[in-house]
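Written out below as structure tokens is the structure these notes cover.
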Amino acid sequence: MSPVLTVAAGAFGISLTAGAYALSLRARRYYASPFTTPVLFSTVIVIAVLLAAGVSFEDYGPAKRAITAVLGPATVALALPLYKNRQAFFQNLVPAGCGLIAGSLGTMIVAALIARAFGLAPDVGSSIAIKSATVPIAVEIAKLIQANPALTAIFVVVTGMIGAAFGPWLLDRARITNPLSRGLALGTISHGQGTAQAATENEFAGAVAGVAMGLGAICTSLAAPHLIPLLVW
Amino acid sequence: MPVAAEKIIYGAQDVAGAFRERTFDLLGRSSEFTKITLLLASQLLGLWALNVAGDWLVGVLHVPVPGNLVGLVALYALLSLGIVKVSWFDPLGSWLIKHLAFFFIPITVGLMDAAGFLLSHVVAIAVALVASAAVGLLLAGFISQVLAGKMARAGDNP
């Protein structure tokens, strides 16, 4: 792509994404439901417009690179609410740790067993089992346990979307109201997207989710090489 | 001096005064705007530098941890040690966290290229992903809430 085209494609992609996001915020204000959570709602709009306009994901690349470049600094900023709420966080270190370990091991075991029950191939089953780790770590774990890294990345992204869209609804139904627990659950299961969703509810929940995302991924990477060969073969 | 001429002069002075006020106002506002832009840019630069440092450290140490998590921990450590202050990062940091979801949209848009595989095993994949996410969310949320509640009650009645 020529530089001019790259800039034009980037500007189009960024405006489209920002417009879809702004629309999702408005939609959520009028009708709050799992289907109007920002990531799910905006993704559907962006994909629909790209398909309708005949734009491939490759041509959306410049916008993707520009927007996701801010993802790293934004995640680093989660240290701020964590620091502001450090007392509440360290007081609940033991409950948070227990919830984190139970959540990341539980989701791994259930995913692997269901994949096996449906007769999915072992490399697909292993890829599904580690989907709650954030993408950069999940791809590394995939190599360790003979899973498929590309498939793993897809399952990670879908899990992020499922948890961000339906997680808050499920936690409401289960009467899980503590911001610490909500952030912990969303970050442990739905990594970055869950963290983003938790941050829209409550700044402290977002900070807890950010830490849970990291610790959950470490927990998954330590357990997967031992646990998954027992569950998937 | 004729009254008419006086009126014209005073009128012109009023216009000039109003014009000057407007200009100063505009200048004041634009310098405010520049100041805010520079402040936000320096805050983004600070967060970005921490992120780059995290990526670099992960590369050097070969640990399977994302660089931005290392950046998060580094910022927390710098805040705890009193080397940096929350106010150095705050207006921008809070805004980025509030709109964190926006920065994930391009990643999920990538699903449009994976639709073929996902649809060929849609039931098995959907059941495995949805059920395991639900179990994990409930386990993590429920256990931490019950234990945190127990600890709070134990703290109330020592």
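Given the structure is predicted, the values throughout are model-derived calculations rather than measurements. First the proteins, then the strands, lettered A, B, ... as listed; each starts at 1. Both backbone and side-chain heavy atoms feed into the values below; hydrogens, waters and symmetry mates do not.
- Of the atoms belonging to Thr134(A), it is side-chain heavy atoms, and not backbone ones, that fall under 4.5 Å from chain B.
- Only the side chain of Glu203(A) has a heavy atom closer than 4.5 Å to any heavy atom of chain B.
- For Ser24(A), no part lies under 4.5 angstrom from a heavy atom of chain B.
- Counting heavy-atom pairs closer than 4.5 Å to chain B, the top-ranked of the candidates Phe57(A), Phe166(A), Tyr60(A), Phe155(A) is Phe57(A).
- Taking Thr195(A), Ile128(A), Leu82(A) one by one and counting their heavy-atom pairs under 4.5 Å with chain B, the maximum is reached by Leu82(A).
- A donor-acceptor contact shorter than 3.5 Å links the side chain of His191(A) to the backbone of Val156(A).
- Between Val86(B) and Lys84(A) the shortest heavy-atom distance is CG1-CE, 3.7 Å.
- When each of Thr37(A), Leu180(A), Thr68(A), Leu25(A) is scored by its heavy-atom pairs under 4.5 Å with chain B, the top score falls to Thr68(A).
- For Arg65(A), no part lies under 4.5 angstrom from a heavy atom of chain B.
- The choice from Gly192(A), Ala96(A), Ala174(A) that makes the most heavy-atom pairs within less than 4.5 Å of chain B is Gly192(A).
- Residue contact with chain B, scored on non-hydrogen atoms closer than 4.5 Å, involves the backbone and the side chain of Ala18(A) alike.
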Please output the side-chain donor-acceptor pairs of residues 98-108 of chain A that fall under 3.5 Å, not counting sequence neighbours, one pair per line with the distance.
unit_1, atom_1, unit_2, atom_2, d
Ser104(A), OG, Leu100(A), O, 2.7
Thr107(A), OG1, Lys131(A), NZ, 2.6
Thr107(A), OG1, Ser132(B), O, 2.6

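- Among the candidates Ala77(A), Ser181(A), Ala185(A), the residue making the largest number of heavy-atom pairs closer than 4.5 Å to chain B is Ser181(A).
- The contact between Leu50(A) and chain B is made entirely by side chain atoms (from C-beta outward), counting heavy-atom distances below 4.5 Å.
- Interface remark: of the candidates Leu139(B), Asn51(B), Val70(B), Leu50(B), Asn51(B) forms the most heavy-atom pairs closer than 4.5 Å to chain A.
- The residue among Ile109(A), Ile154(A), Val211(A), Thr188(A) with the most heavy atom pairs within less than 4.5 Å of chain B is Ile154(A).
- Looking at Ile176(A), both its backbone and its side chain come within 4.5 Å of chain B, counting heavy atoms on both sides.
- With hydrogens and angles ignored, the 3.5 Å screen pairs no side-chain donor or acceptor of Asp59(A) with any backbone N or O of Val55(A).
- At a threshold of 4.5 Å between non-hydrogen side-chain atoms, the residues Leu171(A) and Leu186(A) count as touching.
- Heavy-atom pairs under 4.5 Å with chain A were tallied for Val123(B), Leu79(B), Leu75(B), Val127(B); the largest tally goes to Leu79(B).
- Among Asp55(B), Leu44(B), Leu96(B), Ile97(B), the residue with the largest count of heavy-atom pairs under 4.5 Å with chain A is Ile97(B).
- Looking at Val135(B), the atoms closer than 4.5 Å to chain A (heavy atoms on both sides) all sit in the side chain, from C-beta outward.
- Val157(A) is not listed as a side-chain neighbour of Phe104(B), based on a closest heavy-atom distance of 4.5 Å or more.
- No side-chain heavy atom of Thr17(A) sits under 4.5 Å from any side-chain heavy atom of Tyr21(A).
- With a threshold of 4.5 angstrom between heavy atoms, Leu40(A) does not approach chain B through any atom at all.
- Listed for the Gln197(A) side chain is no donor-acceptor partner under 3.5 Å among the backbone atoms of Ala165(A).
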For Phe117(B) and Ile125(B), run side-chain contact (heavy atoms from CB on, under 4.5 Å): C-alpha distance rounded to whole Å, both residues' side-chain angles, the deciding distance at 0.1 Å, then the answer.
-> CA-CA 10 Å; Phe117(B) 174 81; Ile125(B) 291 172; 3.8 Å; yes
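- Between Val73(B) and Tyr76(B) there is no side-chain heavy-atom pair separated by less than 4.5 Å.
- Annotation: cation-pi pair Arg86(A)/Phe89(A) absent, no NZ/CZ under 6.0 Å from the ring centroid and within 45° of its normal.
- At a 4.5 Å heavy-atom cutoff, Leu78(B) makes no contact with chain A through either its backbone or its side chain.
- The contact between Leu78(A) and chain B is made by backbone and side chain atoms together, counting heavy-atom distances below 4.5 Å.
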